[in-house]
There are 2 protein chains.
Amino acid sequence: MVATIKDIAKYTGLGLATISSYLNGGNVREENRKKIEAAIKELNFEVNEVARGLKTNKTKTIGVVIPELNINFCTEIITAMEDVLRNHGYATIVCDCRTNKELEKNAVDFLFRKRVDGIINMPVNSDGSHLSCFHKAKKPIVLIDRKINGIECDYVLVDNLTAAKNAIQRLIDNGHKRIGMVGGPEDVFTAQERMLGYKLALMEAGIVPEDRLIEHGDYTINGGARCLEKLVKNNRDMTAVFVANHEMTMGAVIGINELGVKIPEELSVIGFDNTEFARACKPKLTIVTQPKEEIGKNVAELILKRIAENKSEQEIEYKIIKLQTDIMEGNSIRNLKK
Amino acid sequence: MVATIKDIAKYTGLGLATISSYLNGGNVREENRKKIEAAIKELNFEVNEVARGLKTNKTKTIGVVIPELNINFCTEIITAMEDVLRNHGYATIVCDCRTNKELEKNAVDFLFRKRVDGIINMPVNSDGSHLSCFHKAKKPIVLIDRKINGIECDYVLVDNLTAAKNAIQRLIDNGHKRIGMVGGPEDVFTAQERMLGYKLALMEAGIVPEDRLIEHGDYTINGGARCLEKLVKNNRDMTAVFVANHEMTMGAVIGINELGVKIPEELSVIGFDNTEFARACKPKLTIVTQPKEEIGKNVAELILKRIAENKSEQEIEYKIIKLQTDIMEGNSIRNLKK
DNA sequence: ATGAAAGCGCTAACAC
DNA sequence: GTGTTAGCGCTTTCAT
C-alpha cells in the first residue's frame, strides 16, 4: 500500500544501496538520479522514518515535557524552540503533563520508549527522578525555568530573583511602602526565587516584610483573584501589589475589578509576563517580561550542541544559562511622591 | 548501552517470544513473570517503540497540525484531545505551522514519514492538497474547524453561522441598529461563516448590512485593534460592534481603550471565544464561547474509531460533527431600549 | 557509483 | 507456555 525503497529499486532496476545513497545525499549518476526521482513521484514514496530510526538509532526527534500546554509562557518557548530545531532537521513531540508528577513520569518514559534523541523539560517533579532513564542512557537533558538539585544537565533559567527585586524597586521608587505580594506555590522554584526577590528588595529599602502582605496562590487565574481579594480585604493600608506570574496577573485584575478597586488611584499593580493582556488592560499594566523567545532559542541550541557532541564521558561541562527580564511600562503604578 | 529484549532473554535464560509475550500482556508462567520483571528492573529495560512500530506498522501516534500553538483555541482543543488519546494508549505529535501553507505541507509530510496512524488538522491550506499522502495511504484524517471542499474525511466543526447570528441578535434585542463587524480574513472558512451570520441576522431584522460597518482583520491582536479604530473613526453613529475571533477581541479592547471610548456607554461590544480575558475586562465582556473541550473529545473519539475500524473500502460514511456555541453574559452591551 | 547481504529490536507464525 | 525463525524498511559495510 505504501511504497518502500524496495519498490523503487524494482521500479528503477537499481539496487537498494543506490536508492539509499540518493536519499541520504550521496553521489548518484545523473541518469539514475532522474530514474529514482521519477519512481519516487510515481509511487508516492516517502521515507519510513521508523525504519530509519531503528537502523541508525537516531530519531531526529526531541521530546518536550511541560506542565501545561495552555500556559502562554510554555507555548511561546516551544514555538521559538521548534523553529530552531526544525531548521536543523529535528522534530519535537510535546507532552503536556497537567502539572501532575505521575503524568510527567509517564510522559518522560513514553518519550524514552519512542527513543527521542534528547529531552527538554520544564519540571514539575522537583527531585528529577523522572529523568533517570535519559540520564542512564546518557541522552541529553535540558531543563527549563526550574532548577533541580541532584541532576546533572544543562539549564536555561530566568533570573527571577532580580526580576522580582526590580519590580519591587520600581514600586519603592514611586514612594510605595506597604507592598503586597501575590506569590506562587511555596514548593515551586520560580515562586521561591520571586518571593526572595520581593523580600530582599524591601529589606534593602529598610522595609520589614510582613506576612500579612503575602499570599501564596497556585499560579492560576482563579488563585490570583482569590489572593488579591484576601490581600485587599486584610490590608487597608496596602498601596501596591506585585503579582508573580502570568495567570495570576490576569486573576488579580479580575479580582480588582470585581472589588471595584481603582488602578492606580487606590492600588498600584505590577504584573508578570503577560504582555498582551497588560496592553489590553485599562489602565495599561506595568509588567515584568520574560525573554521567552530567547529561552526557546537557547534551549534548542543547547540540546543540539549536546547531541552533536561525541556525547563523551562525564567530561561534559554542563551549562546554566540565566537570562534577564525586563519591565514593560504601563500606567498601573501611582507615583506617591508627587 | 540501552537494554533490548535480547538482553533480558539472556539474563533470564528465556526465549525472545516469552519476553515479547509478557510485554504484550500474554500468558507467562508466574515463575518466569517474576524473573522477567526482575530483569527489566535490573537492566532498566524500556520497550523500543521504534522497532515495535516497524514490525507492527502501527506507531500508536497521532499527528496534529495546527496553525499556531499560541492560539488558546488550539491548545484547549489539543489538551482535551490528548487526554482521550492518552487514555487509549495513543500519543500525539503536535506541529505548529505558523499559519503557513508551505510549513503545513512540510508538517504533514513529516508526520507521514514518521508513520503516524492518523492525522488531525486545522487546515490553513483550503484546497486540502497537503493531505494527499494520508489520503492515498488510506490513513484516517480528521479536520477541525474549517471545511475543505474536495477532501473526503471526518470533520468536527463549530456552527459559526448560528454563533454570529445569535451574537448579532443579542445586540438587536438590545435596540442596536448600527452594528459594526470586525471580521476575519476573507479566505478563511470560519470568517466567512461568521460574516454570513452577521449579515443574515441583520437582514432578518430588516436592517441592510453596510460595507462601511465591516472591517476585515487578520485574526491577530494588532489586526483587531486596527480594525476597531477604523470602524470607530468612520462611523460616528455605530452603537455596537461584534468582534469575530479570540485574538481580535483582545485587540478591539486595546483599540477601544486607546481611543478612550467607553464600554458600553459609547460602544457596546460582543466578543468571541476569549472567556478568560472577557472576565478580566472592565467591564466584563459579553462573549460567544466555543465548546473547545467537546471539540477535542469528539476529534479524538472520531479518529480512534476510524483507526479501530477495518479501515475497509470507500464504504466509510464520513461524519461531519457540528457543535453549537454559547454566549457568556457580561456587561459590555448597553440596552438602548431602556 | 553500484549491488549483495547483514542486522537494528521487535512481533508473529509455527512447532513443540 | 515457550523457543526458533523470518522479516518489517531501512542503512551500512564490503565487494566489485
Side-chain angles (χ1 to χ4, degrees), chain A residues 1-37 39-40 43-61 89 109-110 112-117 133 137 139, chain B residues 1-37 39-40 43-61 89 109-110 112-117 133 137 139:
Chain A
M1 186 124 279
V2 175
T4 73
I5 58 167
K6 254 187 205 165
D7 295 320
I8 77 162
K10 251 181 234 162
Y11 190 96
T12 56
L14 297 166
L16 292 177
T18 312
I19 318 297
S20 177
S21 172
Y22 167 85
L23 291 174
N24 293 287
N27 276 336
V28 176
R29 207 184 300 154
E30 181 60 16
E31 182 196 332
N32 290 332
R33 208 179 56 80
K34 282 189 179 158
K35 268 195 211 165
I36 294 174
E37 278 165 4
I40 287 178
L43 304 175
N44 291 303
F45 172 81
E46 294 271 1
V47 172
N48 184 334
E49 293 285 355
V50 178
R52 182 181 272 177
L54 175 61
K55 180 65 194 178
T56 61
N57 200 25
K58 288 184 195 93
T59 54
K60 290 274 202 172
T61 306
D109 287 347
F110 163 74
F112 187 76
R113 289 194 299 273
K114 284 270 181 205
R115 295 297 189 266
V116 296
D117 297 333
C133 53
K139 287 193 175 189
Chain B
M1 187 124 279
V2 175
T4 72
I5 59 168
K6 255 188 203 164
D7 296 320
I8 78 162
K10 250 180 232 161
Y11 191 95
T12 56
L14 296 165
L16 291 177
T18 312
I19 317 295
S20 177
S21 172
Y22 167 85
L23 290 174
N24 292 288
N27 277 335
V28 175
R29 210 184 297 153
E30 180 61 15
E31 182 195 331
N32 290 332
R33 207 178 57 81
K34 282 187 180 161
K35 268 195 211 165
I36 295 173
E37 279 166 4
I40 287 178
L43 303 176
N44 292 303
F45 172 81
E46 294 269 2
V47 173
N48 184 333
E49 293 284 356
V50 178
R52 183 181 270 177
L54 176 61
K55 178 65 193 179
T56 61
N57 199 25
K58 288 183 194 94
T59 53
K60 290 275 201 173
T61 305
D109 286 347
F110 163 75
F112 187 77
R113 289 193 298 272
K114 285 269 179 206
R115 295 296 188 265
V116 296
D117 297 334
C133 54
K139 288 194 175 189

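First the proteins, then the strands, lettered A, B, ... as listed; each starts at 1.
The minimum heavy-atom distance between A/Arg115 and B/Val47, with the atom names listed, is NH1-O, 3.5 Å. Minimum heavy-atom separation, B/Val50 to A/Thr59: CG2-CG2, 4.0 Å.
The residue B/Asn24 sits close only to the backbone: its heavy atoms come under 4.0 Å of sugar-phosphate atoms, none of a base.
Rounded to an integer number of Å, the gap from CZ of B/Arg113 to C1' of D/dG9 is 15 Å. Put simply, NZ on A/Lys58 is 14 Å from C1' on D/dC10, counting in whole angstrom units. Counting to the nearest Å, the C1' atom of C/dA5 and the CD1 atom of A/Ile5 are 13 Å from each other. The nearest whole Å value for the distance from the CD atom in B/Glu49 to the P atom in C/dC10 is 10 Å. One can place OH of A/Tyr22 at 13 Å from P of D/dT11, the figure rounded to the nearest angstrom. Distance B/Ile19 CD1 to C/dC10 P: 10 Å, rounded to the nearest Å. Computed from coordinates, the B/Arg115 CZ to D/dC10 C1' distance equals 11 Å when rounded to whole Å. Straight-line distance from the CD1 atom of B/Ile8 to the P atom of D/dG3: 12 Å, rounded to whole Å.
Mapped onto DNA chain C by nearest heavy atom, B/Ser21 and A/Val28 fall at different nucleotides, with A/Val28 at the one closer to the 5' end.
One finds a side-chain N or O of B/Arg29 lying less than 4.0 angstrom from the OP1 or OP2 phosphate oxygen of D/dT2. Phosphate contact (OP1/OP2 of D/dC10, side-chain N/O of A/Ser20, threshold under 4.0 Å): absent. Contact between the side-chain N/O atoms of B/Asn32 and the OP1/OP2 oxygens of D/dG1 is not found at any separation under 4.0 Å. Checking the phosphate oxygens (OP1, OP2) of C/dA1, a side-chain nitrogen or oxygen of A/Asn27 falls inside 4.0 Å.
When side chains are defined from C-beta on, B/Ile19 does not count as touching B/Phe45, because their heavy atoms never get closer than 4.5 Å. Side-chain contact between A/Arg52 and A/Lys55 is absent, with no heavy atoms from C-beta onward closer than 4.5 Å.
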Enumerate, atom names and distances included, each donor-acceptor pair closer than 3.5 Å involving a side-chain atom of residues 6-16 of chain A, sequence neighbours excluded.
| from | atom 1 | to | atom 2 | distance (Å) |
| --- | --- | --- | --- | --- |
| A/Asp7 | OD2 | A/Thr4 | N | 2.9 |
| A/Thr12 | OG1 | A/Ile8 | O | 2.7 |
| A/Thr12 | OG1 | A/Ala9 | O | 3.2 |
| A/Thr12 | OG1 | A/Leu14 | N | 3.3 |

Distances for protein N or O near nucleotides 6-8 of chain C N or O, under 3.5 Å:
| from | atom 1 | to | atom 2 | distance (Å) |
| --- | --- | --- | --- | --- |
| C/dG7 | N2 | A/Lys55 | NZ | 3.1 |
| C/dG7 | N3 | A/Lys55 | NZ | 3.4 |

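Ranking D/dG3, D/dT11, C/dT11 by closeness to the B/Leu14 side chain, first place goes to D/dG3.
A salt bridge links A/Arg113 to B/Glu46: at least one charged side-chain nitrogen sits closer than 4.0 Å to a carboxylate oxygen.
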Worked verdict on A/Val2 versus B/Phe112 for side chain to side chain contact (heavy atoms under 4.5 Å, CB included): CA-CA 11 Å; A/Val2 175; B/Phe112 187 77; 4.2 Å; yes
